[in-house]
S.K.: 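Handing you a structure now.
Naming: A, B, ... by sequence-line order, numbering from 1 per chain.
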Protein chains: 2
Amino acid sequence: MPRPILATISTSNMAHNLRTVQQHIAQQVGAARFERTKTFAVAKANGYGHGIEAAVQGFAAADGIAVIETEMLARLRELGWHKELVLLEGFFEKADLELLQHTRSITAIHCQEQLDELRSLPAGAALKVMLKVNTGMNRLGFRPELLSSVLTQLAQLQSQAKVSEVIMMMHFADADAFDRDSVDDAWARMQQALQQAQLRQFRIESLSVCNSAASLRYADDLLLEGYRNIIRPGLCLYGASPMGNAEHEAAIDFNLKPAMTLKAQIIAIQQVRAGETVGYGSRFTAQEPTRIAIVACGYADGYPRWADASTPVVVNGIETTLAGRVSMDMMSINLNPVPSAKLGDWVTLWGEGGPTIDRVTECARMGSYETLCHLNLRVPKEII
Amino acid sequence: MPRPILATISTSNMAHNLRTVQQHIAQQVGAARFERTKTFAVAKANGYGHGIEAAVQGFAAADGIAVIETEMLARLRELGWHKELVLLEGFFEKADLELLQHTRSITAIHCQEQLDELRSLPAGAALKVMLKVNTGMNRLGFRPELLSSVLTQLAQLQSQAKVSEVIMMMHFADADAFDRDSVDDAWARMQQALQQAQLRQFRIESLSVCNSAASLRYADDLLLEGYRNIIRPGLCLYGASPMGNAEHEAAIDFNLKPAMTLKAQIIAIQQVRAGETVGYGSRFTAQEPTRIAIVACGYADGYPRWADASTPVVVNGIETTLAGRVSMDMMSINLNPVPSAKLGDWVTLWGEGGPTIDRVTECARMGSYETLCHLNLRVPKEII
């Protein structure tokens, strides 16, 4: 039998989150504009650690799935995904072009070298592309003021039937920030890019602007009339908030439900005297006689190592906290608030019936993004 | 083709590290005492992220391999490992006993419930056990003062041929700490446990005391004359120091070599103006015109998300630093110190030809322990 730890992935909660984000947007922008809005669910990093199979089921109602791993394109087609597929970072080498064609995927185009390689496509094998505009994040993409040559090249590739539709895409560096200035700046640069296209009579019918945070916060401003808008929600679809555990913007305030519930069993109980310490670095000192449970989950499973003493866990419906530093394969928790707890009981570390992952990761000064991705392969997964 | 990122696992460096730790101990304790010292290489969490296949090759000269995952016992036998195998947290349920017998593994025994379950073994199917003594970490094991009943039960199990040899084991909470008091306290409790055994004329021939830090620091005191001593090095075998990047106790000071080298390719280059920012949260502001490389490795690959602006990387043999926050699938680095760098060049993130993993994780206020374990399955691995 495997170690007594289990990650339960709820595809119905994933479907609920997708619906919830879409409803939230429909309420903000009205039915007419929402009708022209498509959703590409982001499922890179193996569906943020939830498994690509779960993503295919949970996001069945999405219009597309977006990943960055070339090998996932074929895998998603094998799994029966027949709608749009997007390679968000674009292709990495010429050899990937065949895979893009074979899997009928959309590719991001963010640099001149990729444009050069598109020329090698056989005529008639037109790819749909997402043209990445660098609106100030300075990661991937072309600056608006340098788009002129790019659009000329794309027009030529279209005339040779090497490129079909061009979707214009941008990415915010600060959509989760308190202050909106950076979002406004980036949005102004996107307008500049659109003007470049209009000036050159280059046809752009679709825009992709909103990540999770922008979808939840700014849809009314950022879903542009006259275009098909494609939102790209990621983290929020898994039931975590891109704004973390912030007041008013926690997952629950958006009616998001946890996609993953992580539980592990109590494998030992120690009765510790007042003044005695627990765990590596002797970080926890018992203030009174304390019953400590050792739970079969550690940082190698993906639980954050630096979760502090205030980090919540739930045992038999009662919330208690960690006691001492999380070790590689185990953690210790304070059982004094849960007199009923006994060996073999399951402890909910995050998810349904437990704390939100945002609360847990906040206690570790980390984020839900990386914590979800770090779920280790050795943790048995049950998809429901 | 996969994304352009690669983890190269050097089994020869793993073998070198094992030899180095053993030589270090031989120098400390002398040839006679070293001859009675065995090494169980710790390879839980899929060999600290390096892959269990690499561990089998790299630690071929060890006397045993220790894991905590029940499913790894059968896997290790399949891979041809014929020497000792240890389940360090012990078994989790009665059904695991058959697996232990089938794979001829040693199991830790840390609680009364496990002793109860050992009684169900068929006579003649004797298991070798490691009796875990709780010497103050208060995680797993029996307190020395409560060993009396445990030893009586073990003697009975031995007389029924359900248990063969009993090895006594402890684990330090603070062997990596600056101050040695906690180690001395724990060691005194281990003496107390050994006295309990002597009083009851319970035969203990082997002791297992030293983890990585204790092996490197205190072997002379902790490898006890008159016993077979079993060391259990873990992290240090992978070329990281349990003391992190500390002065005088860094990996290089112990002559340890990196088991893992992580590299990724430059997939885009941005020319950024003075005053412009890079990445999520706009954390990096260019002080002068700066060439930024975007590298195909992010925190979903296992690189620490919170690595700060001083974190080193090496491009074309030249050390430079991160520029801005690590994102999920990419990071940005400052190319101004490396004018020769171009698209497609490989950047060494840690390991041979790059910074040590201890330096990198220190810049992220994390440890090499969790960072190695977080290496994601999506990173292609090459075992050399």
S.K.: A:Y48 and A:H374: ring pair (Phe, Tyr, Trp, His ring centres under 6.0 Å), yes or no, with the steps?
M.R.: CA-CA 9 Å; A:Y48 285 55; A:H374 289 161; over 10 Å; no
S.K.: Heavy-atom cut-off 4.5 Å, strictly under: side chain, backbone, both or neither for B:F172 against chain A?
M.R.: backbone
S.K.: Are the aromatic ring centres of B:H110 and B:F91 under 6.0 angstrom apart?
M.R.: no
S.K.: For A:I68, is it the side chain, the backbone, both, or neither that has a heavy atom closer than 4.5 Å to a heavy atom of chain B?
M.R.: both
S.K.: Do you know which two heavy atoms are closest between A:M243 and A:A213, and how far apart they sit?
M.R.: SD-CB, 3.9 Å
S.K.: Taking side chain as everything from C-beta outward and backbone as N, CA, C, O, which of these in A:E370 sits under 4.5 Å from a heavy atom of chain B? Side chain, backbone, both or neither.
M.R.: both
S.K.: Heavy-atom distances under 4.5 Å only: say whether B:S332 touches chain A with side chain, backbone, both or neither.
M.R.: neither
S.K.: Given heavy-atom pairs under 4.5 angstrom as the criterion, report whether the side chain, backbone, both or neither of B:R305 touches chain A.
M.R.: side chain
S.K.: Which answer fits B:R143, side chain, backbone, both or neither, if we ask what part of it has an atom under 4.5 Å from a heavy atom of chain A?
M.R.: side chain
S.K.: Side chain, backbone, both or neither: which part of A:E89 has a heavy atom under 4.5 Å from chain B?
M.R.: side chain
S.K.: Could you have a look at B:G279, B:A293, B:A296 and say which one has the most heavy-atom pairs with chain A under 4.5 angstrom?
M.R.: B:G279
S.K.: Need one label for A:N134: side chain, backbone, both or neither, based on atoms under 4.5 Å from any heavy atom in chain B.
M.R.: side chain
S.K.: I'd like to know if B:E117 pairs up with B:K94 as an ion pair, taking the criterion as any Lys NZ or Arg NE/NH1/NH2 lying under 4.0 Å from an Asp or Glu carboxylate oxygen.
M.R.: no
S.K.: Please rank B:G281, B:A268, B:G302, B:S182 by heavy-atom pairs under 4.5 Å with chain A and give me the top one.
M.R.: B:G281
S.K.: State whether B:R273 and A:E145 are salt-bridged, where the test is any N-O pair (Lys NZ or Arg NE/NH1/NH2 against Asp/Glu carboxylate O) under 4.0 Å.
M.R.: yes
S.K.: For a 4.5 angstrom cut-off between non-hydrogen side-chain atoms, does A:L375 reach A:H50?
M.R.: no
S.K.: Quick check on A:R139 against chain B: is it the side chain, the backbone, both or neither that has a heavy atom closer than 4.5 Å?
M.R.: both
S.K.: Of the listed residues (B:G90, B:A173, B:G141), which shares the most heavy-atom pairs with chain A below a 4.5 Å separation?
M.R.: B:A173
S.K.: Evaluate side chain to side chain donor-acceptor pair (under 3.5 Å) for B:T70 paired with B:D96, printing each intermediate quantity in order.
M.R.: CA-CA 7 Å; B:T70 43; B:D96 296 333; 4.8 Å; no
S.K.: Roughly how far, to the nearest 0.5 Å, is the CG atom of A:L140 from the CD1 atom of B:I267?
M.R.: 5.0 Å
S.K.: Looking at every non-hydrogen atom in both residues, tell me the closest pair between B:T290 and B:E288 and how far apart they are.
M.R.: OG1-O, 2.6 Å
S.K.: Who wins among A:L377, A:I292, A:T277 for the most heavy-atom pairs under 4.5 Å with chain B?
M.R.: A:T277
S.K.: Using a strict threshold of under 4.0 Å (side-chain N to carboxylate O), is an ion pair present between B:E93 and A:R3?
M.R.: no
S.K.: Under a 4.5 Å heavy-atom cut-off, does chain B meet the side chain of A:F92, its backbone, both or neither?
M.R.: side chain
S.K.: Please classify the contact between A:A45 and chain B as side chain, backbone, both or neither, with a heavy-atom cut-off of under 4.5 Å.
M.R.: both
S.K.: Start with the C-alpha gap between A:K342 and B:E113, add the side-chain angles, then the distance that decides, and say whether salt bridge (charged side-chain N to carboxylate O under 4.0 Å, His left out) holds.
M.R.: CA-CA 12 Å; A:K342 59 185 191 310; B:E113 290 75 4; over 6 Å; no
S.K.: Would you mind telling me which of A:S282, A:G49, A:C111, A:A323 has the largest number of heavy-atom pairs within less than 4.5 Å of chain B?
M.R.: A:S282
S.K.: Mind listing the closest non-hydrogen atom pair of A:Y238 and A:A43 along with its distance?
M.R.: OH-CA, 3.4 Å
S.K.: Under a 4.5 Å heavy-atom cutoff, which of B:E71, B:M328, B:E276, B:E69 has the most pairs with chain A?
M.R.: B:M328
S.K.: Select one option (side chain, backbone, both, neither) describing which atoms of A:M366 are under 4.5 Å from chain B's heavy atoms.
M.R.: both
S.K.: Can you tell me which portion of B:D329 sits under 4.5 Å from chain A's heavy atoms? Options are side chain, backbone, both or neither.
M.R.: both
